[in-house]
Amino acid sequence: MLSFLGLTITSKIKAQDWPNLEKYKNANAELPPPSESENRVVFMGNSITEMWIGAHPEFFKEHPYVNRGIGGQTTPQMLLRFRQDVIDLNPKVVVILAGTNDIAGNTGPMTLEQIHDNILSMVELAKANGIKPIVCSVLPAYDYPWRPGLEPNIKIPKLNSMLKNMTEAQGVMYLDYFSEMADDRNGLPSELTTDEVHVTKAGYDIMETMVKEAIDKTLKSK
């Protein structure tokens, strides 16, 4: 109960786990520390990363890869859970695939500069903790079916250019999925997607080849 200027207000405050720290809390606790010879890699991302393990679970079972994707998430949410879901797992590499939900406005308005800065912060956190980051381009999207008219086919290439420049300045790997997967609309071709955003098994096949090569190069780099 709050009293303000003679008015009595009943206040109900609901706890909110905005970055969804609970999702992987138990899985993180159950994950043993990496062995001395283990080249652990954490995949940090949104639904495209989370759904990857369902589309091809063997990709994660056959490699020391840890999937920490959460559907619908934006870069500020990922930044808040980066320590718990990446740093504390002691990987050698983190693969960051993020930004499309920010452009869609899932957690409110976000400029391309703000998205860039959040991903830069994740890169800086990784480097400060001895983890090698791989920054992925945002995947092509012609439009968002849940929020049409935001022109992601124009904004995503602009953001990707910013991310590429950032990785060059930071001396880290940039993984350009966009150039390999985009059609002439700057969207995903029908064989790679079911809804203009999410990826089919054929799409993941392309991504797996590319990310595996990027991981191998990153592990060998000084």
Side-chain angles (χ1 to χ4, degrees), residues 19-20 23-24 40-56 59-60 63 65-82 85-87 89 91 93-104 106-107 110 112 114-126 131-141 144 152 155-164 166-167 170 172-182 186-188 192-193 195-201 203-215 217-218:
N20 204 349
K23 181 173 178 70
Y24 291 113
R40 177 173 293 175
V41 179
V42 174
F43 285 66
M44 166 60 79
N46 49 45
S47 59
I48 294 167
T49 295
E50 183 177 12
M51 294 167 68
W52 199 333
I53 200 166
H56 191 192
F59 183 64
F60 292 88
H63 301 96
Y65 298 165
V66 181
N67 188 306
R68 290 295 179 263
I70 297 182
Q73 282 211 329
T74 56
T75 56
Q77 291 174 304
M78 294 180 205
L79 185 55
L80 284 172
R81 66 183 179 90
F82 197 81
D85 289 347
V86 179
I87 295 170
L89 305 185
V93 175
V94 59
V95 178
I96 303 167
L97 174 55
T100 199
N101 288 326
D102 301 65
I103 292 173
N106 280 18
T107 52
M110 290 282 287
L112 299 185
Q114 289 168 333
I115 303 167
H116 163 277
D117 289 350
N118 285 334
I119 295 175
L120 172 59
S121 292
M122 286 187 258
V123 167
E124 291 174 336
L125 277 170
I131 302 166
K132 295 179 178 180
I134 296 173
V135 176
C136 303
S137 69
V138 180
L139 266 63
Y144 298 124
K155 294 174 183 175
I156 288 173
K158 291 180 180 178
L159 176 58
N160 285 340
S161 178
M162 294 166 66
L163 294 178
K164 183 179 181 182
M166 179 267 285
T167 60
Q170 289 290 316
V172 301
M173 174 76 72
Y174 176 70
L175 178 52
D176 189 3
Y177 290 135
F178 186 95
S179 296
E180 187 70 22
M181 300 174 74
N186 281 344
L188 286 166
L192 302 184
T193 186
D195 63 358
E196 294 285 4
V197 176
H198 296 98
V199 184
T200 62
K201 178 63 167 57
Y204 283 121
D205 287 344
I206 294 171
M207 294 170 66
E208 285 173 16
T209 299
M210 295 180 70
V211 76
K212 183 69 168 56
E213 181 179 353
I215 290 168
K217 285 183 179 179
T218 301

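It should be emphasised that the depicted structure is a prediction, and the values quoted were computed from it without experimental measurement.
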* Does the side chain to side chain contact (heavy atoms under 4.5 Å, CB included) test come out yes or no for I206 and M210, once each step is laid out? -> CA-CA 6 Å; I206 294 171; M210 295 180 70; 3.9 Å; yes
* Structure fact -> Residues at least two apart in sequence or cross-chain that pass salt bridge (charged side-chain N to carboxylate O under 4.0 Å, His left out) with E213, listed by chain then number, are K217
* Asked: Of all residues at least two apart in sequence or in a different chain, which pass the salt bridge (charged side-chain N to carboxylate O under 4.0 Å, His left out) check with D195?
  -> none
* Asked: Do the non-hydrogen side-chain atoms of I48 and L97 ever get within less than 4.5 Å of each other?
  -> yes
* To do: Provide the closest heavy-atom pair for I131 versus I87 in the form atom of the first, atom of the second, distance.
  => CD1-CA, 3.9 Å
* ring pair (Phe, Tyr, Trp, His ring centres under 6.0 Å) against F59, all qualifying residues, sequence neighbours excluded -> W52, H63, Y65
* **Atom CD of E180 with >12 non-hydrogen neighbours under 6.0 angstrom** => no
* Could you grab the distance from atom CE of M166 to atom OG of S161, nearest 0.5 Å is fine? => 12.0 Å
* To do: Please tell me if the side chains of V211 and F43 come closer than 4.5 Å, counting only heavy atoms from C-beta onward.
  => yes
* To do: List the atom of S121, the atom of L79, and the distance in Å for their closest heavy-atom pair.
  => CB-CD1, 3.8 Å
* Any side-chain heavy atom of M173 sitting closer than 4.5 Å to one from P133? -> no
* Asked: Who are the side-chain contact (heavy atoms from CB on, under 4.5 Å) partners of Q77, not counting sequence neighbours?
  -> W18, Q73, T74, T107
* For the residue pair I96 and C136, establish whether any side-chain heavy-atom pair is separated by less than 4.5 Å. => no
* To do: Find out whether L175 and V135 are in side-chain contact, i.e. whether some heavy atom of one side chain is under 4.5 Å from a heavy atom of the other.
  => no
* State, yes or no, whether a side-chain contact exists between D176 and S137 at a heavy-atom distance under 4.5 Å. => yes
* To do: For the pair Y204 (side chain) and L192 (backbone), establish whether a donor and an acceptor sit closer than 3.5 Å, ignoring hydrogens and angles.
  => no
* **Nearest-0.5 Å distance, CG of residue L89 to CE of residue M44** => 9.0 Å
* Kindly write out the residues that satisfy side chain to side chain donor-acceptor pair (under 3.5 Å) with T75, not counting sequence neighbours, or none if the list is empty. => D102, N118
* Could you walk me through whether V66 and F60 pass side chain to side chain contact (heavy atoms under 4.5 Å, CB included), step by step? => CA-CA 7 Å; V66 181; F60 292 88; over 6 Å; no
* For V93, does its backbone N or O pair with a side-chain atom of K132 as donor and acceptor, under 3.5 Å? -> no
* Structure fact -> All heavy atoms of T200 vs all of T193, minimum pair found to be CG2-N, 3.5 Å
* Would you please test N46 and I70 for side chain to side chain contact (heavy atoms under 4.5 Å, CB included) and show each step? => CA-CA 5 Å; N46 49 45; I70 297 182; over 6 Å; no
* To do: For G72 and N106, work out which heavy atoms get closest and say how close.
  => O-ND2, 3.1 Å
* Asked: If you measure from CG on L120 to CE on M162, what distance do you get to the nearest 0.5 Å?
  -> 10.5 Å
* Structure fact -> To the nearest 0.5 Å, atom OH of Y144 lies from atom OG1 of T100 at 2.5 Å
* **Expected output: side-chain T209 to main-chain D205 donor-acceptor under 3.5 Å** => yes
* Structure fact -> For F178 and P157, the nearest pair of non-hydrogen atoms, with its separation, is CZ-CG, 3.8 Å
* Asked: Can you list the residues that meet the salt bridge (charged side-chain N to carboxylate O under 4.0 Å, His left out) rule with K23, with sequence neighbours excluded?
  -> E50
* Structure fact -> Scanning both residues in full, the closest heavy-atom pair of M207 with L139 reads SD-CD2, 3.9 Å
* Would you call R68 and M78 a side-chain contact if the rule is heavy atoms closer than 4.5 Å? -> no
* Kindly say whether K164 contributes a backbone atom to a donor-acceptor pair with the side chain of T167 at under 3.5 angstrom? => yes
* Taking atom CE of M110 and atom CD1 of I115, what is their separation to the nearest 0.5 Å? -> 5.5 Å
* **Point-to-point distance, once rounded to the nearest 0.5 Å, from OH of Y24 to CG of N67** => 5.0 Å
* To do: Would you check, one step at a time, whether the test side chain to side chain contact (heavy atoms under 4.5 Å, CB included) holds for L80 with F82?
  => CA-CA 6 Å; L80 284 172; F82 197 81; over 6 Å; no
* Does any non-hydrogen side-chain atom of Y177 lie less than 4.5 Å from one of V138? -> no
